[in-house]
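Just below is one structure, and these are the notes that go with it.
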Amino acid sequence: MNLLTFFTLQLKRICKRTLFLCLLLLFPIVLFFLSRAFSAEEDSRISVGIYLDTEDTLAKTLCEKLVASEDSLFSFSYTDTEEELMKAVQSNRFECGYLFQKDLGAELDRNHLKNLITVYTSENTTCTGVLNELVYAALFEEYSLIRLQETLQAANHLPLTEDASENRSLPTVTKEEIEEIYRSHLTDGSTFRIEVILPSSFGELPASGTRAATKPLLRGLTSLFLLLCGFLALLTSVRDNKNGLYARLHGIRRLLCPCLTLSAYLLPSAFVCLVGLGLSGSLIHLGTELLALFCYLMALLLFYSFLGALFRNHTVLCAAFPVLVLCTLVFTPIITDLSAFFPWIKAVRYVFPTYYYLLFF
């Protein structure tokens, strides 16, 4: 029998299996609604209030920086009045509240470093110390930029006009260029920084909170879905072998036909997974996704071919699959990476094909 004809017949047989088709149809829908359910959740970060009661440029810049920050633990937002800030802290809507009333730039220039910012805290908060460090670090980051620009200008290293640059034989350097260089050195590893992160399924929770942790979860569900589809294909292959479908095949054809049966199940399933990831907004790059799926399908083909050769009994395979799923959940980082607590897991998880798919992300 021609191998292409055999593969086509397998695809036609799959099209007649209503349950499997429903499974293929439902999976992208489930991913879509899961992504929407998580995106509808409120931000899980700790809320902090800010009230700005000054026209000081440095204070405004600092508040804008804090509100726009994507810190993994804290979310800053403005209040309209000081009374509203106090009530929000008292009612525990805000963990802390920061009141900006003084001219921060002028106070720092006079070396007045105490009582620059008024802080309101709730009774049971344990975050005041961390928050104060975060706020004052952001304050001195902005203030240091101002002092750097003033120092360079005073030392005639910051020409403000083309003529001034030509007279001193110096290149024209603007404040914007100084700021760009300054901020690049804040994140290039030239000094140390402390960042607090939350644990998630892949080691850390990204800055956008709970919603950002959805993508690893959906990708883990995708790997499990393909694992299930491969298992269904294996059961079909074992049943076909028992019914004598491969009895008249010899040589390479006898090896390839079971693989084509597996492929007939896995290829449509992989396409459905790609659609589901796209609908859920979890696609990173199409080339990367295709490469990851291709490698995962190859790993599943090898794994299930070995499993089919080892266990030829339909009942034994059905009993072994729940154990496989459980071990996959434990030893691979689908929900959480337990290797951080049990390092020996790193040596075991290479047995499971799901891990090779998750390696790409």
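Computed from a predicted model, the values in this text were never measured in an experiment. Computed over heavy atoms, backbone and side chain alike; hydrogens, waters and symmetry mates excluded.
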[atom1] ([X]) with more than 12 external heavy atoms under 6.0 Å:
X      : atom1 : result
Lys102 : NZ    : yes
Phe360 : CZ    : yes
Tyr78  : OH    : yes
Leu19  : CG    : no

Report task. Only counting residues at least two apart or in another chain, list the ones meeting salt bridge (charged side-chain N to carboxylate O under 4.0 Å, His left out) with Glu82. Result -> none
In one Ile/Leu/Val/Met/Phe/Trp/Tyr side-chain cluster, 4.5 Å: [X], [Y]:
X      : Y      : answer
Leu300 : Leu317 : yes
Phe294 : Leu290 : yes
Leu274 : Leu26  : no

Query raised in the report: Backbone N or O of Leu4 within a donor-acceptor pair of the Thr8 side chain at under 3.5 Å?
Result: yes
Min side-chain heavy-atom separation [X]-[Y] under 4.5 Å:
X      : Y      : result
Val119 : Leu131 : no
Phe20  : Ser269 : yes
Leu297 : Leu262 : no

Query raised in the report: Leu139 and Leu58: side-chain contact (heavy atoms from CB on, under 4.5 Å), yes or no, with the steps?
Result: CA-CA 8 Å; Leu139 168 60; Leu58 178 59; 3.9 Å; yes
Report task. Would you kindly say whether Thr125 and Glu95 are connected by a side-chain donor-acceptor distance under 3.5 Å? Result -> yes
Pairing residues for [X] by the side chain to side chain donor-acceptor pair (under 3.5 Å) criterion, not counting sequence neighbours:
X      : answer
Tyr265 : Arg17, Thr236
Lys65  : Glu141
Ser305 : none
Glu55  : Lys60

Set of ring pair (Phe, Tyr, Trp, His ring centres under 6.0 Å) partners for [X], sequence neighbours left out:
X      : answer
Phe303 : none
Tyr296 : Tyr357
Tyr98  : none
Phe27  : Phe225

Could you grab the distance from atom [atom1] of [X] to atom [atom2] of [Y], nearest 0.5 Å is fine?
X      : Y      : atom1 : atom2 : value
Leu9   : Thr261 : CG    : OG1   : 10.5 Å
Met86  : Thr118 : CE    : OG1   : 10.5 Å
Tyr136 : Tyr143 : OH    : OH    : 14.0 Å

Query - Heavy-atom pair with the smallest gap, counting every atom of Glu84 and Thr79 - result: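 Taking Glu84 first and Thr79 second, the nearest heavy atoms are CD-CB, 4.0 Å.
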Query raised in the report: Which residues, ordered by chain and number, are linked to Leu359 in its hydrophobic cluster, where ILVMFWY side chains connect at heavy-atom gaps below 4.5 Å, directly or through other members?
Result: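 Result for Leu359 is Tyr350, Tyr355, Tyr356.
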Query - Within residues 104-132 or reaching into it, pairs that qualify as ring pair (Phe, Tyr, Trp, His ring centres under 6.0 Å) - sequence neighbours excluded - result: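 Residue pairs passing ring pair (Phe, Tyr, Trp, His ring centres under 6.0 Å), neighbours aside: none found.
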Query raised in the report: Does anything in residues 310-319 pair up under side chain to side chain donor-acceptor pair (under 3.5 Å), and if so which pairs, sequence neighbours excluded?
Result: Arg239-His314
Query raised in the report: Does a side-chain N-to-carboxylate-O contact under 4.0 Å join Asp103 and Arg110?
Result: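 Result for this pair is no, no salt bridge flagged.
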